[in-house]
Engineer: 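Have a look at this one.
Please read these numbers as outputs of a predicted model, since none were measured by experiment. Excluded from the calculations below are hydrogen atoms, water molecules and symmetry mates; all remaining heavy atoms, backbone and side chain alike, are included.
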Amino acid sequence: QVQLVESGGGLVQAGDSLRLSCAASLRTSSSFAMGWFRQAPGKEREFAAAIRWRSGSQYYTDSTKGRFTISRDNAKNTVYLQMNSLTPEDTAIYYCAAGNFTASVYYEHSYASWGQGTQVTVSS
């Protein structure tokens, strides 16, 4: 199973930027993908962004597209989530996820491995 180590969370002000990192212990196949999900207080966990490793295809939701950018470093087996123009609504625990699948990247169940989560807090 892939081990994931997240870093980069913290407390920022509205309008600031933050970059999250997630290092994977290995990549096991050409269908490898990594994603970020987030869970705000009192809400269900939701999809934020994902990337398919082989093609580099990126996926976002309406709330993250245009402000967040997901990228990967092949040599480091690391995925990054650059978050710009943060708002208090982005406050959540952010989870990194990884898996080998061809199913939708938007669904939690597609991912076999999860990180421990990193807190992002945006003050107004």
Engineer: Could you go through F47 and Y107, starting from their C-alpha distance and side-chain angles, then the distance that decides it, and tell me whether this counts as ring-ring contact (aromatic ring centres under 6.0 Å, His included)?
Structural biologist: CA-CA 7 Å; F47 174 84; Y107 300 134; 9.1 Å; no
Engineer: Would you say that T64 contacts R38 through its side chain, given a criterion of any heavy-atom pair below 4.5 Å between the two side chains?
Structural biologist: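 Yes - at least one pair of side-chain heavy atoms lies under 4.5 Å apart.
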Engineer: Quick check against the 3.5 Å criterion: does T78 have a side-chain atom that pairs as donor or acceptor with the backbone of D73?
Structural biologist: no
Engineer: Could you state whether I51 and F101 fall into the same hydrophobic cluster, counting links through intermediate Ile, Leu, Val, Met, Phe, Trp or Tyr residues with side-chain heavy atoms under 4.5 angstrom apart?
Structural biologist: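 No, because I51 and F101 fall into different hydrophobic clusters, even though each may have its own neighbours under 4.5 Å.
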Engineer: Do L4 and F37 sit in the same hydrophobic cluster, where Ile, Leu, Val, Met, Phe, Trp and Tyr count as joined when their side-chain heavy atoms come under 4.5 Å apart?
Structural biologist: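 No; tracing contacts between hydrophobic side chains, which count when under 4.5 Å, never links both residues.
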Engineer: Same cluster for I93 and L20 if Ile/Leu/Val/Met/Phe/Trp/Tyr side chains link at under 4.5 Å?
Structural biologist: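 Not linked; separate clusters.
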Engineer: For C96 and V79, work out which heavy atoms get closest and say how close.
Structural biologist: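 Shortest heavy-atom contact: SG-CG1, 4.2 Å.
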Engineer: Does a side-chain heavy-atom distance below 4.5 Å link V120 with L18?
Structural biologist: yes
Engineer: Between atom CD of E46 and atom OG of S63, what is the distance when rounded to the nearest 0.5 Å?
Structural biologist: 5.5 Å
Engineer: So, using side chain to side chain donor-acceptor pair (under 3.5 Å) as the criterion, who are the partners of W53 when residues are at least two apart?
Structural biologist: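 N74.
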Engineer: Does the side chain of R54 reach to within under 4.5 Å of the side chain of F32, using non-hydrogen atoms?
Structural biologist: no
Engineer: Side-chain donor-acceptor pair under 3.5 Å between Q119 and T121, yes or no?
Structural biologist: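 Side-chain D/A pair, Q119 to T121: present.
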Engineer: According to a hydrophobic-cluster definition based on side-chain heavy atoms being under 4.5 Å apart (Ile, Leu, Val, Met, Phe, Trp, Tyr only), do M83 and I70 belong together?
Structural biologist: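 In one cluster: yes.
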Engineer: List the steps and the verdict of side-chain hydrogen bond (donor to acceptor under 3.5 Å, both in side chains) for Q82 and Y80.
Structural biologist: CA-CA 6 Å; Q82 177 67 42; Y80 303 97; over 6 Å; no
Engineer: Less than 4.5 Å apart, side chain to side chain, heavy atoms only: is that true for E6 and W36?
Structural biologist: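 SC-SC contact between E6 and W36 confirmed.
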Engineer: Give the ring-plane orientation class for F68 versus Y94, where under 30° counts as parallel, over 60° as perpendicular and anything between as tilted.
Structural biologist: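 Correct class here is tilted.
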Engineer: Is there a chain of hydrophobic side chains (I, L, V, M, F, W, Y, each step under 4.5 Å between heavy atoms) that links Y59 to Y95?
Structural biologist: yes
